[in-house]
Amino acid sequence: MGALPHILFLLVDDFGWANTGWHRLEHPTAEVSTPNMDALVKNGLELDRHYVYKFCSPTRSALQSGRNPIHVNLENVDVTVHNPSDPISGFQGIPRNMTGIAEKMRSAGYYTAMVGKWDAGMATPDHTPQGRGYMHSLNYFHHCNDYWTSSVGVCREQLLGPAQAVIDLWDTQVPSTQNGTSACGRADQPVDLYSQGCSTCFTTKNDANPLIEFGPFNGSSYNDELFTNRMLDIIKAHDPTTPLLFFWAPHTVHIPLQVPKKYVDEFDFITDNKYRKVYHAMVKHLDDDVGKVVELLHDKGMYNDTLIVMSSDNGGPVYFNGTSGGNNYPLRGGKMNNWEGGIRVNAFVSGGYLPAGRRGQKEEGLITAWDWYATFCHIAGVDATDTRAALAGLPPIDSHNVWPLVSGANMTSPRIAIPLGSPPVNFDGTDSINPVNGLILGQFKVLIGKVAQASWQGPEYPNASKWMSQGTVEDCSADGKKGCLFNIFEDPTEHNDLASTMPEKLDEMLAALAVHQKTAFTPNRGKISQQACDVAIKKYGGTWGPFVDI
């Protein structure tokens with residue numbers, strides 16, 4: 001394949017299908033401003049059938065490990081959990097003995113770096129980005145944190161002692177000194193529904209704009225500006241003759257909805273819904289950062305040798321009456337469910353390394369986030385097999401090399417099946433029937449059990465209407481039903497359940513699902529460990545970090 005390309009993987013958090021310019025061609029609106037990403041799509045390959053898990057940590061674990069979440073991590077448990085009886089898998093995120101994609105790429109001579117959200121493990125040094133092969137990282141470990149102070153959660157040195165806010169910002173192998181303060185710089189109010197536990201300092205009581213803060217506070221810097229600036233510094237200092245793997249995982253557009261005020265001011269024309277307004281402002285901030293990175297790659301003479309891959313980690317969040325700001329129109333549902341709106345996401349490939357013949361095209365073949373593991377290994381010329389995991393009795397990778405499809409050498413995707421996993425307890429409080437409660441096989445999709453958010457948003461959402469989407473449930477097992485069946489290529493919005501008209505196809509899909517069910521990996525991750533707080537306070541000076549085997 002010649003000289004090894006630089007690879008930039010951009011994983012955006014909670015990015016709604018309808019919150020991009022390239023998905024608004026039939027319903028254009030000034031509210032969606034993504035000119036830099038739109039340009040990358042225009043000069044790249046749009047991935048129209050790119051699938052992920054329905055929420056954060058499992059997608060991130062899958063991407064880094066090359067495994068479907070049913071074989072690595074199905075849950076968004078807290079990063080501080082620990083099961084001492086299982087030294088391999090008794091932690092949040094990726095089991096200890098699985099090999100990360102950065103480790104593979106380092107073996108091929110790549111310089112590896114990451115910035116942003118990790119959410120794939122913290123308990124031991126092996127679980128950190130450095131432990132997974134990233135030579136340089138600036139990251140936070142939790143599902144989210146405060147954009148301005150980097151704080152999330154509290155610890156107490158004594159059972160009834162005062163609560164201390166804890167910072168989540170880690171610099172390769174030590175706590176970061178670049179940002180973070182336990183002093184919020186605004187009224188001290190308890191965390192509530194709107195922050196979803198993402199910010200120790202979050203205020204909504206007595207606040208005319210709950211969930212929304214514009215900062216900065218106490219001299220703190222905006223999370224994503226820290227990450228982007230660190231990324232730009234690394235690229236500026238990088239020797240272009242050494243291949244670079246850069247994993248960029250911005251906090252945007254996950255709650256809390258926080259962004260520099262100048263961006264909100266650009267969207268003052270949105271007057272009917274403050275959540276939609278700030279969400280779009282955050283997307284614009286992200287798009288500007290994308291522009292800065294692409295410009296630098298051009299200035300460094302690296303762009304023509306760079307492969308850029310972008311994906312969301314799940315569909316846009318549409319629950320709690322739209323207070324998280326996302327929109328997946330015209331797809332059904334959103335984050336936290338296995339409707340298309342939750343798992344079929346914004347994605348593209350671009351950059352100068354993409355063959356010219358594929359630029360400006362749309363690819364309809366099935367691809368998953370975990371397929372990039374085998375794909376990058378192929379590009380780097382290394383074996384994707386995870387020998388270390390096999391020796392520990394862990395599931396093998398189930399990643400497909402999709403480079404022949406992406407490059408145009410082969411117009412058929414190697415992936416034909418995508419088992420759809422679910423945690424033991426769903427977001428809406430219902431129990432999952434099994435770890436695998438859905439399957440995409442070719443053009444068909446089957447779902448079993450109860451599936452929440454069984455409805456659709458409009459082109460402009462959230463809006464003035466009231467809709468608690470998580471309470472809208474489709475019971476695919478009601479009245480003796482075996483499951484819900486859809487042809488997602490002919491019916492991408494999942495309006496027409498074919499279960500009653502295609503019983504043989506339904507049975508075929510259920511039989512295939514049952515085979516995948518038997519392979520599900522569901523270790524006991526353990527319980528929240530007090531040791532995590534003890535180490536955060538006493539060793540790291542009030543910052544989250546590894547707390548086992550340190």
Looking only at atom types and distance, does a side-chain atom of [X] sit under 3.5 Å from a main-chain N or O of [Y], one as donor and one as acceptor?
{"X": "His238", "Y": "Thr242", "result": "yes"}
{"X": "Tyr279", "Y": "Gly16", "result": "yes"}
{"X": "Lys445", "Y": "Leu439", "result": "no"}
{"X": "Asn337", "Y": "Gly334", "result": "yes"}
{"X": "Gln531", "Y": "Phe547", "result": "yes"}
{"X": "Asn68", "Y": "Pro419", "result": "yes"}
{"X": "Ser399", "Y": "Gly66", "result": "no"}
{"X": "His50", "Y": "Val345", "result": "no"}
{"X": "Ser61", "Y": "Val72", "result": "no"}

Compute whether any side-chain donor of one residue and acceptor of the other, for [X] and [Y], lie under 3.5 angstrom apart.
{"X": "His127", "Y": "Thr124", "result": "yes"}
{"X": "Asn524", "Y": "Asp86", "result": "no"}
{"X": "His251", "Y": "Tyr147", "result": "yes"}

Tell me the salt bridge (charged side-chain N to carboxylate O under 4.0 Å, His left out) pairs involving [range], sequence neighbours left out?
{"range": "residues 307-317", "value": "Arg60-Asp313"}
{"range": "residues 519-538", "value": "none"}
{"range": "residues 372-382", "value": "none"}

Pairwise distance [atom1]([X]) to [atom2]([Y]) - rounded to 0.5 angstrom:
{"X": "Asn346", "Y": "Phe15", "atom1": "CG", "atom2": "CZ", "result": "5.0 Å"}
{"X": "Ile448", "Y": "Ser477", "atom1": "CD1", "atom2": "OG", "result": "8.5 Å"}
{"X": "Ser151", "Y": "Asp168", "atom1": "OG", "atom2": "CG", "result": "9.5 Å"}
{"X": "Asn437", "Y": "Lys450", "atom1": "CG", "atom2": "NZ", "result": "13.5 Å"}

Between side-chain atoms of residues 91-99 and protein atoms elsewhere (two or more places apart, or another chain), which donor-acceptor pairs fall under 3.5 Å?
from: Gln92; atom 1: OE1; to: Gly121; atom 2: N; distance (Å): 2.9
from: Gln92; atom 1: NE2; to: Ser57; atom 2: OG; distance (Å): 3.2
from: Gln92; atom 1: NE2; to: Asp119; atom 2: OD1; distance (Å): 3.0
from: Arg96; atom 1: NE; to: Asp126; atom 2: OD2; distance (Å): 2.8
from: Arg96; atom 1: NH1; to: Asp549; atom 2: OD2; distance (Å): 3.0
from: Arg96; atom 1: NH2; to: Asp549; atom 2: OD2; distance (Å): 2.8
from: Thr99; atom 1: OG1; to: Asp386; atom 2: OD1; distance (Å): 2.7

Return the set of residues passing ring-ring contact (aromatic ring centres under 6.0 Å, His included) with [X] (not counting sequence neighbours), or none when no residue passes.
{"X": "His142", "answer": "Trp544"}
{"X": "Tyr110", "answer": "none"}
{"X": "Tyr51", "answer": "none"}
{"X": "Tyr540", "answer": "Trp170"}

Intermediate values then yes/no, ring-ring contact (aromatic ring centres under 6.0 Å, His included), Trp248 and Phe227: CA-CA 8 Å; Trp248 178 18; Phe227 298 140; 9.9 Å; no
Test: Arg67 cationic atom under 6.0 Å from Trp370 six-membered ring centre, within 45° of axis: no
Which residues share a side chain to side chain donor-acceptor pair (under 3.5 Å) with [X], sequence neighbours left out:
{"X": "Asp14", "result": "Asn314, Lys335"}
{"X": "Thr128", "result": "none"}
{"X": "His71", "result": "Asp398, Thr519"}

Whether Trp372 and Phe376 hold their rings parallel, tilted or perpendicular, with breakpoints at 30° and 60°: tilted
Geometric class of the Phe9/Phe247 ring pair [parallel <30°, tilted 30-60°, perpendicular >60°]: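 Geometry flag for Phe9 against Phe247: tilted rings.
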Contact check, side chains of Arg415 and Val402, non-hydrogen atoms, under 4.5 Å: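 They are not in contact (no side-chain heavy atoms under 4.5 Å apart), so the answer is no.
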Residues Glu103 and Arg388 bridged, charged N to O under 4.0 Å: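 Between Arg388 and Glu103 there is a salt bridge, with a charged N closer than 4.0 Å to a carboxylate O.
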Candidate pair Glu474 and Arg332, rule salt bridge (Lys or Arg N to Asp or Glu O under 4.0 Å), full reasoning: CA-CA 12 Å; Glu474 176 88 8; Arg332 192 177 190 180; 3.5 Å; yes
Qualifying residue, where the test is side chain to side chain contact (heavy atoms under 4.5 Å, CB included) with Ile440 and the options are Arg344, Glu340, Met509: Glu340
With sequence neighbours excluded, residues passing disulfide (SG to SG under 2.5 Å) with Cys484: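 Disulfide (SG to SG under 2.5 Å) list for Cys484, sorted by chain: Cys476.
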